[in-house]
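Fair warning: this is a prediction, and the values are worked out from it, not measured in the lab. Any value given below was found using the heavy atoms of this structure, including those in side chains, with hydrogens, waters and symmetry copies removed.
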4 protein chains.
Amino acid sequence: MERTGPGDCRGATGRPRCPGKEAAILAAALTLLSEQGFVRMTLDGVARAAGVSKATIHLRFRTKTELAAAALRTLRPCSVPPETGDVRADLAAQLADFADTLARTSGMVLVGTCLAEEAHTPELLELLREHAVEPRRAAVRRLLDRARAQGLLRPEADLDASASALLGAFYADHLAGRATDEGWADRTVSAVLGALSP
Amino acid sequence: MERTGPGDCRGATGRPRCPGKEAAILAAALTLLSEQGFVRMTLDGVARAAGVSKATIHLRFRTKTELAAAALRTLRPCSVPPETGDVRADLAAQLADFADTLARTSGMVLVGTCLAEEAHTPELLELLREHAVEPRRAAVRRLLDRARAQGLLRPEADLDASASALLGAFYADHLAGRATDEGWADRTVSAVLGALSP
Amino acid sequence: MERTGPGDCRGATGRPRCPGKEAAILAAALTLLSEQGFVRMTLDGVARAAGVSKATIHLRFRTKTELAAAALRTLRPCSVPPETGDVRADLAAQLADFADTLARTSGMVLVGTCLAEEAHTPELLELLREHAVEPRRAAVRRLLDRARAQGLLRPEADLDASASALLGAFYADHLAGRATDEGWADRTVSAVLGALSP
Amino acid sequence: MERTGPGDCRGATGRPRCPGKEAAILAAALTLLSEQGFVRMTLDGVARAAGVSKATIHLRFRTKTELAAAALRTLRPCSVPPETGDVRADLAAQLADFADTLARTSGMVLVGTCLAEEAHTPELLELLREHAVEPRRAAVRRLLDRARAQGLLRPEADLDASASALLGAFYADHLAGRATDEGWADRTVSAVLGALSP
DNA sequence: AATGAATGAGATTTCATTCAT
DNA sequence: GATGAATGAAATCTCATTCAT
């Protein structure tokens, strides 16, 4: 029996994807992830928030974990406040942006859920690290390098440790229930760098 | 209904509660909370680990949330490494104990789950704060006060900010996937205080 | 801290199982298995038919497969029609009971689903074999042995093959859409044994 | 709407159907039906195996049931082993081919699923009967007629019952987990016909 | 008090089918 | 005609909580 193989009838593209849908799903997922954490986020909730059906989500993301991972990958590297040349001010601006971003986006819930899932779903922490923690850290680290180059810091200073102290202060203050708004960035830069000057 | 604390089995009439059970339940709950987070911790799991039935848990703790809260209340204030008089060394010892405790007890999962639940079950973060975060912070803060009294720090230094930087460095390093074992405490103390000296 | 281990407070039996419930579940499962096959049988359906909640089923049977397996284990070995001494008549009675049982209980659907699941859930066929096929076959085989002992069959006859032919005729007739009621057993015995006589 | 048979692509106006696809779909469907049964066979699976899209299947077969029915209609009547004149040998050859075909094609799963669906989708069993069971039975029956004509069987023998016994032995042996390969056909013919000789 | 039984409310995932190019 | 997208309707299984001894 002469049968033409499949393929010669192909070429059509099929129904095109409803354009905004993918973005809506990922945005909804990231929002709910940040508001409720990974386990409490439900596919039903994401579907409702995105205005699609659950099956449409599954069409793009095989599992809930994959969906959360994709949502984390949409995290944009931190905004880079314009650099003024005054490194100390730039550092404070960077920290202020960090604090503001975390506050505006329920970032600490997101951080918390990635930490809480470390044993069960380690991808989440890895992706958070790659897409949010590392970029921010790199920005801070770059400013510290510049500060040292300008002679504002001792040559032998451990800049990685300083970066950890600067950024970590936010986590510590949030956990302690201490204010992290007005003046927080300045106080933190002062405490960590104030006297690192030679 | 006033709940009686653990061990107090003579409060009212009727058969007294089996005394060891309360402690076993709380220990199991704290362990599972630290290993799996609040939402993944199941009452079945706690019951199995504690060697009791689920109903026995509900007899003492009306809801899962109450159980988790009670478990957090059993957190003992941080051990206080003996103070040597060398304040810098004492600070490093405190930080090393902090890091070690968090590592040994899956502490970052516990921290994470309390953060993740902040919107849904804020008691958890409050209790963690009261029973773990604050005591540790107070210990660090006391040492910083002493350092200032000894003239090791500038009189006008913002010691709260310094405490946040010292403790927060751990969170930042954990999130960044950086090592926090050998030498971490020393490096951190150096970075934050090294130059605070007048 | 002195804690008494779990165990010294034990001994109670807990709420007793609602007595008929287990049997109701298994009966419902066997019925639905026979009416709809394994895949179409739903736990919701079993729960409804048994008058229990789905979770109650899961309390006793961890998975749907385990439930179906347990249901198959409740299959009682075939009734043994009283033996008259007239071996030929006894054989016909056995076959008639076989046909009647299969007809009354949707037995062929059950056989079919076990066959259909052979690749996916081989336990089903194994259990059907053990609890229904083999007992019936053994009964037939015993009668054939007796017939040979009485000199009704040639000594060298392959009685296993004869048993397969006798019982298999039912399957073949059912598949062919041929009547298997009145007189079927007699006709079948005649066809297979009629001429085995020496 | 009258469905056009496979290969008939010139029936109406509009773009003709890609000819090979119909056959590919039916072949895939028959394979999966035989491997997994009707309920477990998914249209996604058929589409993947056939190299077409699900919608293409629905274009030709309105429902899953129609697809399965069409697949069953492609079953070719059993091969007819060449007849040698030795009717007994021809019968054994026919049975051996029967057993071999069922073994090679997961035929018993197919038989099982048609039985299992009898209440829900009776078409399947009807079509299996028409396209597989009856042709095979007719071939056997023809040989039995010939045997009687040659005087090898008693004139009054019930040849339908004999055909059922011969073919049914396979089902019985498969269900009992007994071997049906080497020598099975010979043993079966001997058991059923051995002594039918006058 | 302690237990095992029982349950209602959900969560993830699958699938046949329909839709829009 | 062919395709990939989209969806509503389940199905299995889990879990916090309550019940009956």
Side-chain angles (χ1 to χ4, degrees), chain A residues 6 9-19 21-22 39-47 52-65 67, chain B residues 9 12 14-19 21 39-47 52-65 67, chain C residues 6 9-19 21-22 39-45 47 52-65 67, chain D residues 9 12 14-18 21 39-47 52-65 67:
Chain A
C9 295
R10 296 294 183 66
T13 327
R15 175 175 175 176
R17 289 205 167 174
C18 211
K21 226 152 245 191
E22 186 127 354
V39 194
R40 283 194 200 279
M41 171 182 89
T42 71
L43 295 181
D44 244 318
V46 175
V52 305
S53 73
K54 269 183 290 182
T56 296
I57 298 178
H58 276 279
L59 198 61
R60 294 163 164 82
F61 310 100
R62 222 159 359 119
T63 64
K64 183 183 173 181
T65 300
L67 169 62
Chain B
C9 285
R15 173 171 165 189
R17 287 193 178 149
C18 190
K21 278 187 176 148
V39 196
R40 284 195 197 280
M41 172 182 86
T42 70
L43 292 185
D44 257 311
V46 175
V52 303
S53 72
K54 265 189 297 184
T56 296
I57 298 178
H58 274 282
L59 211 54
R60 293 165 164 80
F61 309 99
R62 225 168 344 139
T63 65
K64 183 182 173 182
T65 300
L67 169 62
Chain C
C9 294
R10 295 291 182 66
T13 327
R15 174 174 174 176
R17 288 204 168 175
C18 213
K21 226 151 244 190
E22 186 127 354
V39 195
R40 282 194 201 280
M41 172 182 88
T42 71
L43 294 181
D44 243 318
V52 304
S53 73
K54 270 183 290 182
T56 296
I57 298 178
H58 277 281
L59 197 62
R60 294 164 163 79
F61 310 100
R62 221 157 0 119
T63 64
K64 183 183 172 180
T65 300
L67 170 61
Chain D
C9 285
R15 174 172 165 189
R17 288 194 177 148
C18 190
K21 283 192 172 140
V39 195
R40 285 196 197 279
M41 172 183 87
T42 70
L43 292 184
D44 257 311
V46 175
V52 304
S53 73
K54 265 189 297 183
T56 297
I57 298 178
H58 275 282
L59 212 53
R60 293 164 163 81
F61 309 100
R62 224 165 349 134
T63 65
K64 183 182 173 183
T65 300
L67 169 62

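For the pair D/Asp44 CG and F/dT3 C1', the interatomic distance rounds to 13 Å; values are reported in whole Å. Atom pair D/Arg40:CZ and E/dA16:P shows a separation of 13 Å (rounding to whole Å applied). As rounded to whole Å, 18 Å separates atom P of F/dG4 from atom NZ of A/Lys21. Rounded to an integer number of Å, the gap from A/His58 NE2 to F/dA10 C1' is 13 Å. Between the CD1 atom of B/Ile57 and the P atom of E/dT3 there is a distance of 10 Å, rounded to whole Å. Taking atom CZ of residue C/Arg17 and atom C1' of nucleotide E/dT3, one finds them 13 Å apart after rounding to whole Å. Rounded to an integer number of Å, the gap from C/Phe61 CZ to E/dA6 P is 11 Å. Taking atom CG of D/Leu59 as the reference point, atom C1' of F/dG1 lies 6 Å away to the nearest angstrom.
In this structure, F/dA20 forms a base pair with E/dT3, meeting either the Watson-Crick or the G-U wobble geometry with both donor-acceptor distances under 3.5 Å.
At the heavy-atom level, C/Arg60 lies under 4.0 Å from the strands shown only through sugar-phosphate atoms. Using a 4.0 Å heavy-atom criterion, one finds that B/Thr56 contacts the bases of the nucleic acid, with or without backbone contacts as well.
Interface remark: the B/Lys54 side chain does form a donor-acceptor pair with the F/dT17 base, using a distance-only criterion of under 3.5 Å.
For the pair C/Arg15 and E/dT3, the criterion of a side-chain N or O lying under 4.0 Å from OP1 or OP2 is not met.
The NZ atom of C/Lys21 lies 7.5 Å from the CZ atom of C/Arg60; values are rounded to the nearest 0.5 Å. The distance from the OG1 atom of A/Thr56 to the CG atom of A/Leu43 is 12.0 Å, given to the nearest 0.5 Å.
Of all heavy-atom pairs between C/Lys64 and C/Met41, the closest is NZ-O, 2.8 Å. Taking every heavy atom of both residues into account, C/Ala47 and C/Lys54 meet most closely at CB-N, 3.8 Å.
Taking for each of C/Ser53 and D/Met41 the nucleotide of DNA chain E with the nearest heavy atom, the 5'-most of the two is the partner of C/Ser53. Residue D/Thr63 is the one, among A/Pro16 and D/Thr63, whose nearest nucleotide of DNA chain E lies closer to the 5' end (criterion: closest heavy atom). Residues C/Thr65 and B/Leu43 both approach DNA chain F. Their nearest nucleotides, taken by heavy-atom distance, put C/Thr65 toward the 5′ side.
Open room surrounds CZ on A/Arg62; 12 or fewer heavy atoms of other groups in view lie less than 6.0 Å from it.
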